[in-house]
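Report on the following structure.
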Amino acid sequence: MTILRLALRNIIGTGIRAWLNALIISIGLVAATWNQGLVSGMDEQAAQASQAIEYGGGQFWHERYDPYDPLTLEDAHAPLPPALQELVDNKKATAILVVQGSIYPHGRMRSLLLKGIDPGQGILNFATASLADNAAAELPILIGERMARAIGLTSGEVITLRWREPRGAFNAQDATVTHIMKTTVSTIDNNQVWLPLAKLQAMARLPGQATLVVLAPGTPPPGSLPGWIFRDSDYLMRDLRELVKTKSYGRVVFLIIFLSLGMLAIFDTQVLAIFRRRREIGTLVALGFTRGQVIRLFTLEGALHGVLAVILGALYGLPLLWLQARAGFAVPAGTEDMGISIGERIYPVYSAGLTFSIILIAMVVTTIVSIMPTRRIARLKPTDALRGRMS
Amino acid sequence: MTGNHLIRTENLVKTYPMGLSQITALNNVSLVFGAGEFSGLVGPSGSGKTTLLNIIGSLDSPTSGGAEVLGRRIEKLSHREAAELRNHSIGFIFQTFNLLPVYTAYENVEFPLLLLKTPAGQRKKMVMEALEWVGLADRGRSRPSQLSGGESQRIAIARAMVKRPPLLLADEPTANLDAENSHHILQTMEKLNRELGTSFLFATHDEKVIGYLRRKITLVDGRVAKDETFPSPAGKGV
Ligand SMILES: Nc1ncnc2c1ncn2[C@@H]1O[C@H](COP(=O)(O)OP(=O)(O)OP(=O)(O)O)[C@@H](O)[C@H]1O
Ligand SMILES: [Mg+2]
């Protein structure tokens, strides 16, 4: 208690220097918390968007379907089992057929996926209704903005789709772009075109067949269906979560930079304090302090910088972070293609656990750098200290 | 312990390595001090006064020989035991006052009692009493930076005396003070010596201090050259 009291008084007596050190660390704390909030917010928004736009309430995949291996697509389709068909009929699910195809924009071949979906479906929240516009074109297609940019297509233009029928024959048909959709979910955009399910089934000679079936959110999946595998939201979100995580690693840099700066400042302060206050150290020993107590005093003083940093960080950080969470963070242009579906504004979501770990890390590191210079005290002879000498 | 001696040093030797050779700061010092003494180590600069005082105060350990201080063998004490001895039984006064700069005068005087875990009520009484001894009861709230040299040293005396130790060690307590303040603090210490029975041991070459001593031990090159006692302080008021 005596030591804590003295440490507090000493650090307050240091004045501006202590607060400056604390300020640097607090910036690291606030920046790291903000950053974590941003990443969590992004994660959450991406998850919500992906669920609404791509994953629905889980999906049944044909057992051969592997989204990462287009070569599997040739075999990854089958007629719907009655249980799934029933769900589709009741608008509790919608079927998607995926076929490999290619286009020749500007004379260069480009492989892509042809995805058939029911234009009238109401489960995934994107503009499939535009495919219902049969009057406008015999074969309407829907593409995303990124795809449109990549192949230089505008709405209303015609492009030739090519695909392979079963048994190897190639076929081709002109398609009209009836709509270009703007979406945050790049996985329904990049390198694919959407067309009416029935048309694709006819083109590929796979009537009634599908590659996957998306359930409406909240729909309980039917029990095991031979030949089909149920992928729940957690499974479908896994890649997304990984992606968000790797993206957030780079940003821990904030914490590291400011913590290191703060640590350097504290280390420096400590070394200087021990040097400047050697006579005081001698006095404390003469008054009955053990070396251990002197070391504890200086360690505590250093570590209190961490506490000051938390206080300071809370003072300006809490309102700042709260404002951010309310107003959202405008995503700078150019970050849109980073592979995560993010909206134009990210609303940070702070987690108590993460914030607490950040604070804990800062405290632990502060304490460690505070202890390091005190090894000098252990070597300091009280008689030398009292003479104002270092030993 | 034999008799009522407070300190007994036996053939104390302290050497410091100095390049290839060594400096002998204390050379076979054997002295005995009793309770209630008002004694001083005098001698030229570098004669070993501070070194002897520090060993007696358990801040330093002898190279050979030994010392018994308040019944404890100084050379055998662990760091912790030495700290405890200083904390309980020895007061220190320094040339440079060495008040804790962040504490008020009151808190400086209170500090040793906090280390001793004296209960709060008793603590307050003891601190006020100590401040009265040195005539600074009204300056408790001042910071060391607001005190004059003489006042600082008087606060330092109060801090050293507040726990009523049997032994007080003072290394050049007047070196940074003018004549008037020197006499003031010496009179204060003499009074405390008389009233509380505290044994004072000075290290000094200040004639003003020497004038108050009842025993004067002269060190020359780390040896006891002379050990004189005066029935009453020789040159009081010099
Ligand atoms: N830490 C040390 N390392 C080396 N030599 C030392 C050390 N401390 C003291 N000495 C030497 O020991 C001798 C005695 O020193 P001490 O400080 O005891 O003298 P003193 O009588 O107190 O002198 P002064 O009147 O100047 O204070 C001196 O020669 C000094 O240089
Ligand atoms: Mg000296």
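Chain naming here is simple, since letters A, B, ... match the order of the sequence lines and numbering starts at 1 in each. Note that the coordinates shown come from a computational prediction; the quantities given were computed from them, not determined experimentally.
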For B:Thr96, is it the side chain, the backbone, both or neither that has a heavy atom under 4.5 Å from a heavy atom of chain A? side chain
Are more than 12 heavy atoms, taken from residues, nucleotides or ligands other than B:Asp221, located less than 6.0 Å from that residue's CG atom? no
Say whether, by atom type as modelled, one donor and one acceptor occur between the side chain of A:Arg279 and the main chain of B:Asn98 under 3.5 angstrom. no
CG of A:Leu386 to CZ of B:Phe92, rounded to nearest 0.5 Å, is 8.0 Å
What part of B:Leu59 lies closer than 4.5 angstrom to a heavy atom of chain A: side chain, backbone, both or neither? both
Would you compute the distance between atom OG1 of A:Thr290 and atom CD of B:Glu81 and round it to the nearest 0.5 angstrom? 12.5 Å
If you count heavy-atom pairs under 4.5 Å with chain A, which of B:Thr51, B:Asp60, B:Thr50 comes out on top? B:Asp60
From CA spacing to verdict: side chain to side chain contact (heavy atoms under 4.5 Å, CB included), B:Val102, A:Ile12: CA-CA 9 Å; B:Val102 292; A:Ile12 290 165; over 6 Å; no
Drop me the distance from B:Tyr103's OH to A:Asn10's CG, to the nearest 0.5 angstrom. 7.5 Å
Calculate, to the nearest 0.5 Å, the distance between atoms CD and OG1 belonging to B:Glu110 and A:Thr2 respectively. 9.0 Å
Are there more than 12 heavy atoms of other residues, nucleotides or ligands under 6.0 Å from atom CZ of A:Arg376? no
Taking OH in A:Tyr316 as the centre, count heavy atoms belonging to other residues, nucleotides or ligands within less than 6.0 Å. Is the count above 12? yes
Do A:Leu287 and B:Arg159 touch side chain to side chain, with heavy atoms closer than 4.5 Å? yes
Picking from B:Ala160, B:Pro112, B:Ala83, which has the most non-hydrogen pairs under 4.5 angstrom with chain A? B:Ala83
Stepwise side chain to side chain contact (heavy atoms under 4.5 Å, CB included) test for B:Leu99 and A:Glu280: CA-CA 8 Å; B:Leu99 297 178; A:Glu280 184 185 323; over 6 Å; no
So which residue, B:Asn87, B:Asn54, B:Leu85, B:Asp171, ends up with the most heavy-atom pairs under 4.5 Å with chain A? B:Asn87
Please flag which part of A:Ile3 lies under 4.5 Å from any non-hydrogen atom of chain B: side chain, backbone, both or neither. neither
B:Glu172 bridged to A:Arg387 by N-O distance under 4.0 Å: no
Taking C-beta and beyond as the side chain, do A:Arg5 and B:Glu107 meet within less than 4.5 Å on heavy atoms? yes
Within a reach of under 6.0 Å around CZ of B:Arg73, are more than 12 heavy atoms found that belong to other residues, nucleotides or ligands? yes
Which one wins on heavy-atom pair count under 4.5 Å against chain B: A:Arg291, A:Gln293, A:Arg9? A:Arg9
